[in-house]
Amino acid sequence: MNQLHLFLPCAAGVEGFLADEVHAITGAAGQDLLVGRGGVMLRGMWRDAMLLNLHSRLAQRVLVELSHSMYRNENDLYRAASEVAWEIWFSPQETFKIEVTAQHSPLTSLNFAALRVKDAIADRFRARRNGVRPSVETHHPDVRVHLHLTTDGATIYIDTSGEALFKRGWREDKGDAPLKETLAAAMIAASGWDPHGDDPQPLYDPCCGSGTVVIEAAQIARRIPAGILRRFAFEKLVPFQRHVWEAMLDEAEAAILPESPVGIYGSDISFRMVDFAQRNAERAGVAGSIQLRGGDALQRMPPSDQPGMMLLNPPYGERIAAAGSAGRNAQERMGQVARAGRETAQTEDGGEFFSQLASHWKKNYSGWSAWMLTPDLKLPGKMRLKESRRTPMWNGPIECRLFRFDMVRGAVKQRKNESDQGLPEGPSA
């Protein structure tokens with residue numbers, strides 16, 4: 001079909017990394033690939049929409065823009081939706097749902113806005129299909145239509161993804177507040193970790209929880225597409241051709257590597273979480289590419305002789321016990337793990353844990369870099385380390401930073417008035 005206007009929403013702070021990924025997948029560049037607030041826009045073909053669904057690790061969805069117009073009231077929305085040729089996208093046999101988002105819209109009811117768009121779609125089908133119209137299904141629709149409203153602009157999209165793309169199809173076992181796969185992939189992209197580069201580095205998550213970061217890394221290392229295990233909404237749309245899609249899948253599967261070119265490691269003090277990570281890795285097809293262990297983050301030694309990269313979403317507050325607390329009774333720690341779970345980010349103090357973690361790393365992880373995603377902007381101070389990079393990134397509605405610390409061996413120093421606490425003050429690059 002003709003050239004499409006695609007929009008790929010993503011987490012705030014990830015737009016530039018997503019643009020690089022889209023370029024790598026589709027080759028789009030220049031005016032065909034534009035970075036916006038909260039997503040990336042590109043001009044592409046139907047094939048690009050399928051490829052992006054299959055391969056993108058950073059996008060939340062792949063949307064096709066069908067209409068953009070000015071509006072003042074709900075009747076303007078009805079008119080705009082009536083002019084879309086819905087019949088070339090899906091048939092009356094498919095169910096559909098309208099989803100509305102808004103920024104500074106003057107309308108008093110977004111539900112009524114959705115109703116008017118729904119009416120327009122139903123009326124157009126009735127007029128062109130001898131009175132037959134598709135049914136609305138709010139829980140598991142075949143087709144999702146997205147309406148985005150600004151102060152005076154209305155954009156209508158059709159969703160080619162279906163369920164959000166962070167749902168890869170492999171994570172069934174998880175903690176209480178798991179890191180989304182798309183955010184884990186964004187952390188990897190921001191760190192610059194490249195298992196296929198000239199100097200590939202081992203990757204280690206010492207607070208791995210249910211394994212999100214290391215599983216994403218292992219799939220990247222093995223060149224396993226993010227969406228290889230799941231289905232997509234475009235499979236029920238009119239332009240879909242099964243043989244074209246099957247050829248794409250065959251090509252993607254042929255490119256998968258039998259093993260990772262570099263070591264990937266994960267550990268967690270909660271053996272329950274390690275079991276979850278192992279089962280998730282098996283479903284993701286990368287169990288043989290990750291070494292998972294139980295262990296206290298404050299005691300674990302480097303998993304490889306070659307210095308590499310640590311990448312983690314550390315715990316906070318009462319969850320700190322789930323990552324490790326040297327000298328604390330192990331039974332007490334495990335009791336807190338059972339209550340609290342893993343893979344979450346709270347903003348309680350946690351200074352002692354992080355200062356001990358920094359001391360442990362400086363003593364034993366010389367030559368490693370550590371990338372930590374946190375909502376706590378005071379984390380470098382708590383670790384007595386100077387970050388060499390900080391990347392803004394959002395975890396849903398929570399503003400975070402991805403800090404990089406470079407570990408160099410040095411004497412552990414004490415600050416004045418803190419000699420009784422043994423808090424380290426060491427150098428970093």
His196 (side chain) donor-acceptor with Ala221 (main chain) under 3.5 angstrom: yes
Any side-chain heavy-atom pair of Leu63 and Pro9 under 4.5 Å: yes
Lys118 vs Leu115, side-chain contact (heavy atoms from CB on, under 4.5 Å): CA-CA, chis, key distance, verdict: CA-CA 5 Å; Lys118 184 269 293 183; Leu115 179 63; 3.5 Å; yes
Main-chain N/O of Asp142 paired with Glu94 side-chain donor or acceptor, under 3.5 Å: no
Heavy-atom closest contact (Arg133 atom, Phe125 atom, distance): CA-CB, 4.0 Å
Pairing residues for Arg43 by the side chain to side chain donor-acceptor pair (under 3.5 Å) criterion, not counting sequence neighbours: Asp32
Residue pair Ala113 / Leu77: nearest heavy atoms and the distance that separates them: CB-CD1, 3.7 Å
Residues, nucleotides or ligands: over 12 heavy atoms within 6.0 Å of Arg390 CZ: yes
Met309 vs Pro202 side-chain heavy atoms within contact, under 4.5 Å: no
Salt bridge (Lys or Arg N to Asp or Glu O under 4.0 Å) partners of Arg242, counting only residues at least two apart: Glu235, Glu246
Ile215 to Ala281 - nearest heavy-atom pair and separation: CD1-N, 3.5 Å
Sidechain-backbone polar pair: Trp193 side chain, Gln201 backbone, donor-acceptor under 3.5 Å: yes
Side-chain donor/acceptor of Thr26 to backbone N/O of Val22, under 3.5 Å: yes
Donor-acceptor contact present, side-chain Asp296 to main-chain Ile269, <3.5 Å: no
Distance-only polar pair, side chains of Ser210 and Arg171, donor-acceptor under 3.5 Å: no
Distance-only donor-acceptor check, side chains Glu352 and Ser355, under 3.5 Å: no
Qualifying residues under salt bridge (Lys or Arg N to Asp or Glu O under 4.0 Å), relative to Glu21, sequence neighbours excluded: none
Short side-chain to backbone donor-acceptor contact, Lys97 and Thr138, under 3.5 Å: yes
Asp275 with Arg272: basic N within carboxylate O range, under 4.0 Å: no
From Arg223 atom CZ to Ser260 atom OG, the distance as rounded to the nearest 0.5 Å: 11.0 Å
Residues Thr101 and His148: side-chain donor-acceptor under 3.5 angstrom: yes
Pair Asp406-Ser369, side-chain hydrogen bond (donor to acceptor under 3.5 Å, both in side chains): steps then yes or no: CA-CA 4 Å; Asp406 296 310; Ser369 62; 4.9 Å; no
Electrostatic pair Glu387:Arg404 at N-O distance under 4.0 angstrom: no
Could you pull out every donor-acceptor pair under 3.5 Å between side chains of residues 287-295 and any protein atom, sequence neighbours left out?
from, atom 1, to, atom 2, distance (Å)
Ser289, OG, Arg222, NH1, 3.0

Atom pair CE (Met383) and CZ (Phe353), whose distance is rounded to the nearest 0.5 Å: 8.0 Å
Least distance between heavy atoms, Leu33 atom then Ala19 atom: CD2-O, 3.5 Å
Those residues that, when tested against Trp368, pass side chain to side chain contact (heavy atoms under 4.5 Å, CB included) (two or more places apart): Tyr204, Pro302, Pro303, Ser304, Pro307, Met310, Tyr365
Results of side chain to side chain donor-acceptor pair (under 3.5 Å) for Gln103 - residues two or more places apart only: none
Distance-only polar pair, side chains of His104 and Thr151, donor-acceptor under 3.5 Å: no
Main-chain N/O of Val84 paired with Arg124 side-chain donor or acceptor, under 3.5 Å: yes
Contacts of Asp159 that satisfy side chain to side chain donor-acceptor pair (under 3.5 Å) - sequence neighbours left out: Arg61, His146
Euclidean distance, Arg168 CZ relative to Phe166 CZ, rounded to 0.5 Å: 9.5 Å
Arg279 vs Glu172, salt bridge (charged side-chain N to carboxylate O under 4.0 Å, His left out): CA-CA, chis, key distance, verdict: CA-CA 8 Å; Arg279 291 200 292 266; Glu172 295 181 13; over 6 Å; no
Separation of His55 NE2 from Asn53 CG (nearest 0.5 Å): 10.5 Å
Electrostatic pair Glu216:Arg57 at N-O distance under 4.0 angstrom: yes
Residue list, salt bridge (Lys or Arg N to Asp or Glu O under 4.0 Å) with Lys180, at least two apart or on another chain: none
Donor-acceptor pair, side chain of Thr160 and main chain of Val62, under 3.5 angstrom: yes
Ser161 side chain to Ala164 backbone, donor-acceptor under 3.5 Å: no
Under 3.5 Å donor-acceptor pairs involving side-chain atoms of residues 247-259, not counting sequence neighbours:
none

Nearest-0.5 Å distance that lies between atom CH2 in Trp46 and atom CG in Leu6: 9.5 Å
Test salt bridge (charged side-chain N to carboxylate O under 4.0 Å, His left out) applied to Glu99 and Arg144, step by step: CA-CA 7 Å; Glu99 299 186 2; Arg144 286 178 167 87; 3.3 Å; yes
Polar side-chain atom of Gln219 near backbone of Ala284 as donor-acceptor pair, under 3.5 Å: yes
Test side-chain contact (heavy atoms from CB on, under 4.5 Å) applied to Leu58 and Thr182, step by step: CA-CA 5 Å; Leu58 303 177; Thr182 43; 5.9 Å; no
Working for side-chain contact (heavy atoms from CB on, under 4.5 Å), residues Trp394 and Leu183: CA-CA 8 Å; Trp394 288 75; Leu183 186 56; over 6 Å; no
Atom pair CG (Asp48) and CD (Gln3), whose distance is rounded to the nearest 0.5 Å: 9.0 Å
Test side chain to side chain donor-acceptor pair (under 3.5 Å) applied to Gln60 - qualifying residues, sequence neighbours left out: none
His360 and Met301, any side-chain heavy atoms less than 4.5 Å apart: yes
Nearest atoms (heavy-atom pairs only) where Val14 meets Cys10: C-SG, 4.0 Å
Shortest non-hydrogen contact from Ala190 toward Met393: CB-CE, 3.8 Å
Contacts of Arg401 that satisfy salt bridge (Lys or Arg N to Asp or Glu O under 4.0 Å) - sequence neighbours left out: Glu399
Exceeds 12 heavy-atom contacts within 6.0 angstrom, atom NZ of Lys236: no
Non-neighbouring partners of Phe234 that pass ring-ring contact (aromatic ring centres under 6.0 Å, His included), sequence neighbours left out: Phe232, Phe240, Trp245
